[in-house]
Number of protein chains: 2
Amino acid sequence: MEIPPVVIDRLPLYTRALASLEVQGREVISSQDLGTSLGVTPAQIRKDLSYFGRFGKQGRGYNVRKLLDELHRILGLDRQWRMALVGVGKLGRAILGYDGFRSQGFRIVEAFDVNPERVGRRVDNLTVRDATDLEPVLSKNPVDVGIVAVPAETAQDVIDVLIRCGVRAILNYAPIAARVPSGVYVKRIEPVLALQSMTYYLKNRPHAPIPTPRS
Amino acid sequence: MEIPPVVIDRLPLYTRALASLEVQGREVISSQDLGTSLGVTPAQIRKDLSYFGRFGKQGRGYNVRKLLDELHRILGLDRQWRMALVGVGKLGRAILGYDGFRSQGFRIVEAFDVNPERVGRRVDNLTVRDATDLEPVLSKNPVDVGIVAVPAETAQDVIDVLIRCGVRAILNYAPIAARVPSGVYVKRIEPVLALQSMTYYLKNRPHAPIPTPRS
DNA sequence: ATCTGTGAAGCACTTCACAGCG
DNA sequence: CGCTGTGAAGTGCTTCACAGAT
């Protein structure tokens, strides 16, 4: 069956909420309660899950542990994913230092840069390699995900090389609209674009109005 | 007229592409050419722009300079936006050091943290203030956007305080589903969620298959 | 009584296709 | 002829509403 991409985008949200509920010792949760905590309608949660199976119990709800396991399996989070970082500038070093990836099963196993001053340096247990070695290194030892943290000018070239090395998923921090063949997945991380769409809604409002109470 | 939110989300993309074309000295562009470079259909671009006016010339296309000006005006990018950062840990410092905001008219004018070791320190031309001063400082000198870079546990509290100070837009780096009243806009920056949805598509594929040529 | 799973209805967004202008 | 602007058609996603399970 063909599952709507928006559904896939919501599953990680459910996963995270369930993980937090499990830590709290909660055993069962209804679509109603889960939805309220996430700002999603209960019907949507039920419909989303129904694409993959019948995980709930009528009259009770979903077993937190079981649903979490199912979602991990569905999303492929029951294994480790290997990632390569390209670009070890200020942004790249912040990405290397970020703990959030590893704790969720995503490991940066290679880091590359063109700048000779950075090549050879050790950053967070990794030795920065020369970007020209990207192809030989990744061909021998493939990764699942490429993280692009280079300037806009070279980003498309880097993406092309990564794809040639068999990388099928790219986390793109560079401010460009990446062109990739079908079957390759790109997610862009772009705070500026996010800001630029919010300003549309802000621009005609009086500055700092009386705050509305929680809806 | 009520404009679809997805349309607003695409306008910054167009803006960026046009800015790049302008630098290249291009004077006119068709929806066809702009679409190809962005991976968007020409019809979609024309429809999106038609919500706001008639900016093109039949038989020719759009004047790059003029369309860029219009989009800046529509999105409210023809002025400066003031932002406050909360959380000056590793992530917060990376955000402070990021040049991409300022060059697009977004200025971080205040930085807050709870940690006494960080309070008073100067980071990137800003003095880190105590988080308990958030309300008095922002009430006197309001900001447009709040950037949340605190741990998950305290993120909702920080967001509540920001909203009480009149902040109407939040850039949320914390791994939580923020609850906000209607009229407040939140964009989450969450690389891990992006990765977790891509793995769904990767999980059943052979590792590093023969790369598909550009589509 | 409660809450799931799901067809059917409703809504939102995208694409088509073409009239009309340059 | 080329390309925009736009109703109309088409597609995809969300919500409704209720039968059925516990």
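What you see is a predicted model, and the numbers here were worked out from it, not measured in a lab. The figures here come from the full heavy-atom set of this structure, side chains too, leaving out hydrogens, waters and symmetry mates. Below, chains carry the letters A, B, ... as their sequence lines are ordered, and counting in each starts from 1.
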Pairs involving residues 23-43 of chain B, ordered by first then second residue, that meet ring pair (Phe, Tyr, Trp, His ring centres under 6.0 Å) (sequence neighbours left out): none
Terminal contacting nucleotides, 5' and 3', DNA chain D versus chain B (heavy atom, 4.0 Å): dG2(D) to dA8(D)
What donor-acceptor contacts under 3.5 angstrom involve side-chain atoms of residues 84-96 of chain A, with partners at least two apart or in another chain?
{"unit_1": "K90(A)", "atom_1": "NZ", "unit_2": "G97(B)", "atom_2": "O", "d": "2.9"}
{"unit_1": "R93(A)", "atom_1": "NH1", "unit_2": "V88(A)", "atom_2": "O", "d": "3.0"}

Contacts of A43(A) that satisfy side-chain contact (heavy atoms from CB on, under 4.5 Å) - sequence neighbours left out: T41(A), R46(A)
Selection: residues 7-34 of chain A, any non-hydrogen atom under 4.0 Å of DNA chain D: R10(A)
Ring pair (Phe, Tyr, Trp, His ring centres under 6.0 Å) contacts touching residues 166-201 of chain B (sequence neighbours left out): Y185(A)-Y201(B), Y201(A)-Y185(B)
Sequence neighbours excluded, every pair satisfying salt bridge (Lys or Arg N to Asp or Glu O under 4.0 Å) that has a member inside residues 10-19 of chain A: R10(A)-D48(A), R16(A)-E190(B)
Residues touching DNA chain D, which here means a heavy atom under 4.0 Å, drawn from residues 44-69 of chain B: R46(B), K47(B), S50(B), R54(B), F55(B), G56(B), K57(B), Q58(B), G59(B), R60(B), G61(B), Y62(B)
Counterpart residues, side-chain contact (heavy atoms from CB on, under 4.5 Å), relative to R73(B) (two or more places apart): E70(B), D78(B)
May I have the list of side-chain donor-acceptor pairs in residues 53-62 of chain B shorter than 3.5 Å, sequence neighbours left out?
none

Partners meeting side chain to side chain donor-acceptor pair (under 3.5 Å) with S20(B) (sequence neighbours left out): Q24(B)
All ring-ring contact (aromatic ring centres under 6.0 Å, His included) counterparts of Y14(B), not counting sequence neighbours: none
D124(A)/R102(A) ion pair, N-O < 4.0 Å: no
